[in-house]
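Reading through the structure tokens given below for one structure.
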Amino acid sequence: MPSGTIDLDETVPFSLYHTLHSGQAFRWQVHDGVWTGVVRDTVITLAQTGQRLSFGHTNPDLIRNYFHLDLDLDAVLRSISIDPYITHAVREGYGLRIVRQDPWECLISYIASANMKAVTTNARLEVLAGRWGEAIPSDEGEFHQIPAPEVVAEIGVAALRVCGFGYRARLMKAAAEYIIDHSDWETAIGAMDYHAAHARLTEIPGVGPKVADCVLLFGFNKYEAFPVDVHIRKIVGEAYFQGEGRSCQPIERQNCCTREFGRTYFGAYAGYASQYLFNKRFHRHSKLAVRTP
DNA sequence: ACCCAGGAGACGC
DNA sequence: GCGTCTCATGGG
């Protein structure tokens, strides 16, 4: 089983904790500083000491790709640190990197996350993978992939409801069927610009503006996407609109305004700004990482 | 009991 | 196009 270390240059911002604890990717667990998770069809273990990243059960290329270590994050963070509030958020979560998730896993995960707590979503996805996902042999125990679209479509709404997805079950099945009928979706959306890709994604059942932005940001690395959820809406309202003014508008209107504000205000890497703002509020409340399998 | 969670779809207007 | 209601499920 291959394993090794990556010694990052001092100029490369990287915090394993903030990256995996920020709520962007589901299914990661940590015990005694060692993170374990499934990336596509591989079980990965990770630990960080200073600028040294130790990993097991994979190869350096997969690690570099997953954490996008070639991205000049320092330059990105400088480009979004345009006011005291975001600058403080960047300092607090310094080294958080947006990872490259599998687009399908990202899609089905965020469809499932709608109007549900992240920790609950995480538990549901583990049940789904455990019951219906392909097993991955590992020294760390039994792990499973998120089932492919064909499997999600075949097991049907009833099986998905048993996993606890509630009313989202029919949307997950419909989304899986859409993906099966549009097998080129990944390359097609990857080749589109932000606006076209966002419009195309919202054609998928269960995908609205927020989920589309999450999939573009986490699954396709289109960094101008600025996902707006209840937290980001509150944060942006408090930090940039004095907590008033827009609060009298309906939620959908606020979300749309906040999304446009974020993209135009923070620029090409607005998605990074959203993650640092989200992390600032989210990470101290999260239970994602302390749950045991 | 009531409210909320990394929202989206189906309505009526 | 915009506003409102509803949708499972669990935890505070």
Side-chain angles (χ1 to χ4, degrees), chain A residues 18-28 89 93 96 98-99 101 105-128 156-178 198-219 225-239 246-260 262-263 270-291:
Chain A
H18 282 120
T19 297
L20 296 183
H21 203 248
S22 62
Q24 59 174 313
F26 298 98
R27 303 196 67 201
W28 282 100
L96 187 164
I98 291 176
V99 302
Q101 296 184 37
E105 177 171 336
C106 187
L107 176 73
I108 199 68
S109 297
Y110 277 94
I111 290 174
S113 78
N115 204 21
M116 188 156 68
K117 286 186 177 180
V119 62
T120 308
T121 305
N122 198 53
R124 302 288 186 257
L125 291 172
E126 286 302 329
V127 173
L128 175 67
V157 175
L160 291 167
R161 292 192 87 118
V162 170
C163 297
F165 291 111
Y167 68 90
R168 305 161 196 81
R170 66 176 184 82
L171 296 173
M172 294 167 72
K173 178 176 185 290
E177 289 170 339
Y178 180 99
H198 191 275
R200 177 63 63 85
L201 276 173
T202 53
E203 293 176 3
I204 302 174
V207 180
K210 187 268 179 183
V211 170
D213 275 328
C214 284
V215 174
L216 288 176
L217 184 58
F218 305 133
F226 191 84
V228 175
D229 62 7
V230 292
H231 302 292
I232 291 291
R233 192 176 68 247
K234 288 176 186 172
I235 292 167
V236 169
E238 290 167 9
R246 315 207 163 204
S247 57
C248 58
Q249 296 181 14
I251 297 295
E252 290 76 8
R253 186 88 183 142
Q254 289 182 52
N255 285 349
C256 189
C257 289
T258 304
R259 185 167 152 252
E260 286 308 306
R263 290 197 316 106
Y272 259 100
S274 82
Q275 272 315 102
Y276 276 83
L277 291 173
F278 186 81
N279 179 65
K280 181 174 160 60
R281 170 174 293 222
F282 179 77
H283 78 276
R284 64 177 76 96
H285 302 301
S286 172
K287 295 176 184 170
L288 280 180
V290 295
R291 196 186 58 79

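In what follows, chains are A, B, ... by sequence order, proteins preceding strands, each numbered from 1. The structure displayed is predicted, hence computed values, not measured ones.
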dA8(C) base stacked by Phe165(A) (centroids within less than 5.5 Å, tilt under 30°): no

Phe26(A) vs Ser113(A) side-chain heavy atoms within contact, under 4.5 Å: yes

Which of the following nucleotides, [options], is nearest to the side chain of [X]?
| X | options | answer |
| --- | --- | --- |
| Phe218(A) | dT9(C), dG6(B), dA8(C) | dG6(B) |
| Val230(A) | dG10(C), dG7(B), dG6(B) | dG7(B) |
| Arg253(A) | dG7(B), dA5(B), dC2(C) | dC2(C) |
| Lys210(A) | dG10(C), dG7(B), dA5(B) | dG7(B) |
| Asn115(A) | dA8(C), dC2(C), dA8(B) | dA8(C) |

Whole-Å distance separating the [atom1] atom of [X] from the [atom2] atom of [N]:
| X | N | atom1 | atom2 | value |
| --- | --- | --- | --- | --- |
| Ile251(A) | dT6(C) | CD1 | P | 16 Å |
| Ile111(A) | dT9(C) | CD1 | P | 18 Å |
| Arg161(A) | dC7(C) | CZ | P | 11 Å |
| Lys280(A) | dG6(B) | NZ | C1' | 18 Å |
| Lys117(A) | dG7(B) | NZ | P | 12 Å |
| Tyr110(A) | dG7(B) | OH | P | 11 Å |
| His198(A) | dG7(B) | NE2 | P | 14 Å |
| Phe26(A) | dA5(B) | CZ | C1' | 12 Å |

Qualifying residues under side chain to side chain donor-acceptor pair (under 3.5 Å), relative to His198(A), sequence neighbours excluded: Arg259(A)

Worked verdict on Thr258(A) versus Phe226(A) for side chain to side chain contact (heavy atoms under 4.5 Å, CB included): CA-CA 9 Å; Thr258(A) 304; Phe226(A) 191 84; 4.3 Å; yes

Option from Ile111(A), Leu171(A), Asp213(A) for which side-chain contact (heavy atoms from CB on, under 4.5 Å) with Val207(A) holds: Ile111(A)

Separation between CZ of Phe278(A) and CD1 of Ile232(A), rounded to the nearest 0.5 Å: 7.0 Å

Touch class at under 4.0 angstrom, heavy-atom based, for Val211(A) against every strand present: sugar-phosphate

Touch class at under 4.0 angstrom, heavy-atom based, for Arg168(A) against every strand present: base

Qualifying residues under salt bridge (Lys or Arg N to Asp or Glu O under 4.0 Å), relative to Glu203(A), sequence neighbours excluded: Arg200(A)

Closest non-hydrogen atom pair between Glu126(A) and Arg27(A), with its separation: OE2-NE, 2.9 Å

Where Arg161(A) and Ala169(A) come nearest, the two heavy atoms and their spacing: CG-CB, 3.6 Å

Please report the distance separating the [atom1] of [N] from the corresponding atom of [M], rounded so that it comes out in whole Å.
| N | M | atom1 | result |
| --- | --- | --- | --- |
| dC5(C) | dG6(B) | P | 24 Å |
| dC11(B) | dA8(C) | P | 15 Å |
| dT6(C) | dC2(B) | P | 15 Å |

Any Lys234(A) side-chain nitrogen or oxygen under 4.0 Å from OP1 or OP2 of dA5(B): yes

Between the protein and nucleotides 9-12 of chain B, list the N/O to N/O atom pairs that are separated by less than 3.5 angstrom.
from, atom 1, to, atom 2, distance (Å)
dG9(B), OP1, Gly206(A), N, 2.9

